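Note that the numbering runs from 1 along the sequence shown for the chain. Because the structure is a prediction, the values reported are computed rather than measured. Counting starts at 1 for both ligands and their atoms, following the listed order.
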Amino acid sequence: MELDKIYNEDCIEGMKRIPSDSINAIITDPPYCIGTTSNGKKGSYNDNNLIKPFFEILFKEWVRVCKEGAELYINTDWRTYPFLYPILQKYFQVKNLIVWDYEWIKAGSHYRFSHEFIIYAVKGEAKRRFSASERDVWRIRPINFTSPDKLHNAQKPLELIDKMIRNSSVEGDIILDCFSGSGTTAVACINNNRHYICFEIDESYFQISLDRIRNVFSEPKLEM
Ligand SMILES: C[S@@+](CC[C@H](N)C(=O)[O-])C[C@H]1O[C@@H](n2cnc3c(N)ncnc32)[C@H](O)[C@@H]1O
């Protein structure tokens with residue numbers, strides 16, 4: 001399968017073409033299937049029951065494509081995590097639930113939302129040990145809703161994805177993102193000299209992500 005491409009297709013279908021034991025890390029942000037979704041429709045808690053079979057197939061396929069020791073970062077929230085955990089832990093060692101502290105507040109009348117979760121898991125034996133200074137609470141500002149950089153309702157800040165990539169891969173590694181949205185993971189991979197395979201099912205977000213990548217190549221690379 002060609003590397004450094006975003007594929008406009010269902011990830012379950014597309015992943016069938018990825019060779020087994022070829023992926024170094026998965027960094028991904030599945031729809032939370034709750035609240036206002038990326039297509040603007042309102043979801044409900046019970047909708048998550050409908051998505052269980054989907055995640056069963058997805059995680060099984062992730063185990064197949066991942067190398068031994070591959071690390072996974074899965075963005076989620078407090079409502080979706082209870083559905084994902086029992087399925088994920090059948091296939092991977094779930095090592096932690098990182099708290100992404102927004103360092104600011106969003107809407108919410110029962111305590112205002114100021115965090116999300118990131119599941120951190122490993123395929124098989126965990127090889128990496130983080131330094132004692134690496135905490136499981138990350139303080140990173142989300143994309144400002146009014147910012148011109150905002151391309152997707154659920155867009156994640158580059159800084160967040162950069163941190164995952166740098167902590168859990170080395171240059172030349174292959175990163176998989178099955179739900180690429182506006183292409184944040186792809187851009188972070190380009191900036192950090194990693195290869196990527198991304199899938200995005202929605203045609204308009206796919207086009208947005210292609211434009212974003214073209215802009216990365218037309219802009220001078222910033223030293224970080
Ligand atoms: C939470 S958003 C990801 C946002 C992304 N992290 C960003 O920074 O832009 C999830 C994306 O997954 C896409 N998606 C949903 N189901 C999919 C599937 N089966 N295969 C591929 N993409 C899918 C949605 O269209 C949506 O754009």
Side-chain angles (χ1 to χ4, degrees), residues 1 5-18 23 25-43 47-48 50-62 65 72-81 83-84 87 98 100 102 106 113 115-119 138 140-145 147-165 175-192 194 196-216:
M1 184 164 201
K5 270 188 86 162
I6 299 179
Y7 294 88
N8 181 206
E9 64 182 300
D10 183 338
C11 61
I12 301 285
E13 281 308 307
M15 271 198 301
K16 291 178 184 162
R17 303 194 303 280
I18 301 180
I23 297 294
I26 294 181
I27 294 177
T28 200
D29 180 18
Y32 294 176
C33 301
I34 209 87
T36 306
T37 60
S38 53
N39 61 11
K41 289 189 185 141
K42 202 83 177 142
D47 290 347
N48 277 324
L50 304 174
I51 58 171
K52 276 184 186 171
F54 172 84
F55 283 103
E56 192 81 52
I57 297 167
L58 183 77
F59 296 159
K60 215 170 177 174
E61 195 59 358
W62 282 1
V65 301
L72 279 67
Y73 293 87
I74 309 162
N75 282 83
T76 188
D77 77 351
W78 55 280
R79 291 158 292 196
T80 309
Y81 176 67
F83 288 86
L84 298 187
I87 313 171
I98 297 164
W100 170 27
Y102 292 160
K106 288 192 177 175
F113 296 119
H115 77 278
E116 284 178 39
F117 292 128
I118 300 158
I119 305 170
W138 296 359
I140 293 173
R141 290 235 161 184
I143 303 277
N144 189 333
F145 274 95
S147 158
D149 296 335
K150 188 154 191 307
L151 304 167
H152 191 296
N153 270 343
Q155 188 177 338
K156 299 297 174 285
L158 264 177
E159 193 186 343
L160 185 78
I161 309 300
D162 265 343
K163 186 174 169 72
M164 301 172 190
I165 287 182
I175 313 283
L176 170 66
D177 182 354
C178 286
F179 306 94
S180 72
S182 63
T184 311
T185 304
V187 172
C189 283
I190 295 165
N191 290 341
N192 288 289
R194 269 59 161 182
Y196 60 89
I197 296 173
C198 293
F199 297 102
E200 172 51 52
I201 203 166
D202 184 286
E203 161 78 25
S204 54
Y205 288 135
F206 168 69
Q207 290 302 339
I208 285 170
S209 61
L210 293 189
D211 288 345
R212 195 174 170 196
I213 286 169
R214 266 181 227 116
N215 286 338
V216 173

Starting at OH of Tyr205, measure out to CG of Leu210 and round the result to the nearest 0.5 Å. 15.0 Å

What's the separation between atom OH in Tyr73 and atom CD1 in Ile118, rounded to the nearest 0.5 Å? 9.0 Å

Calculate, to the nearest 0.5 Å, the distance between atoms CD1 and SG belonging to Ile27 and Cys178 respectively. 12.0 Å

So, taking the atom named CG in Asp29 and the one named CD1 in Ile74, what distance separates them when rounded to the nearest 0.5 Å? 10.5 Å

When only distance counts, is His152 in polar contact with ligand 1, meaning an N/O pair under 3.5 Å? yes

Does only the side chain of Phe179 get under 4.0 Å from ligand 1, or the backbone, or both, or neither? Count heavy atoms. both

Considering only heavy atoms of Ser182, which atoms of ligand 1 have at least one such atom less than 4.0 Å away? 7 (C), 8 (O), 9 (O)

Closest heavy-atom contact between Lys150 and Ile143? CB-CG2, 3.8 Å

Does ligand 1 come near enough to Gly183 that some N or O of the ligand is less than 3.5 Å from an N or O of the residue? no

Scan Leu72, Asn75, Ile98 and name whichever one has a side-chain contact (heavy atoms from CB on, under 4.5 Å) with Met164. Asn75

Examine Arg212 against ligand 1 and note whether any of their N/O atoms are separated by less than 3.5 Å. no

What I'd like to find out is whether the side chain of Trp138 reaches to under 4.5 Å of the side chain of Leu160, using heavy atoms alone. yes

Proximal ligand 1 atoms for Glu9, defined as those under 4.0 Å from one of its heavy atoms: 20 (N), 21 (C)

Does even one non-hydrogen atom of Ser180 get within less than 4.0 Å of ligand 1? yes

Any Asp10 heavy atom less than 4.0 Å from ligand 1: yes

For ligand 1, which atoms, with element, lie under 4.0 Å from some heavy atom of Pro31? 15 (C)

Do Tyr81 and Phe83 have side chains that approach each other closer than 4.5 Å (heavy atoms only, starting at C-beta)? no

What part of Glu200, side chain from CB on, backbone N/CA/C/O, both or neither, has a heavy atom under 4.0 Å from ligand 1? both

Nitrogen or oxygen atoms of Ile201 and ligand 1 under 3.5 Å apart: yes

If you measure from atom 5 (C) of ligand 1 to every heavy atom of Ile6, Asp29, Leu58, which option wins on shortest distance? Asp29

Would you check the N or O atoms of Lys156, main chain and side chain alike, for any that come under 3.5 Å of an N or O of ligand 1? yes

Give the atom numbers and elements of ligand 1 that come within less than 4.0 Å of a heavy atom of Cys178. 20 (N), 21 (C), 22 (N)

Is the shortest side-chain heavy-atom distance between Glu116 and Lys156 below 4.5 Å? yes

Mark up the atoms of ligand 1 that fall under 4.0 Å of a heavy atom belonging to Asp202, in ascending order. 25 (O)

Classify the angle between the aromatic ring planes of His115 and Phe117 as parallel (below 30°), tilted (30 to 60°) or perpendicular (above 60°). perpendicular

Who gets closest to atom 7 (C) of ligand 1 by heavy atom: Ile161, Thr184, Ile27? Thr184

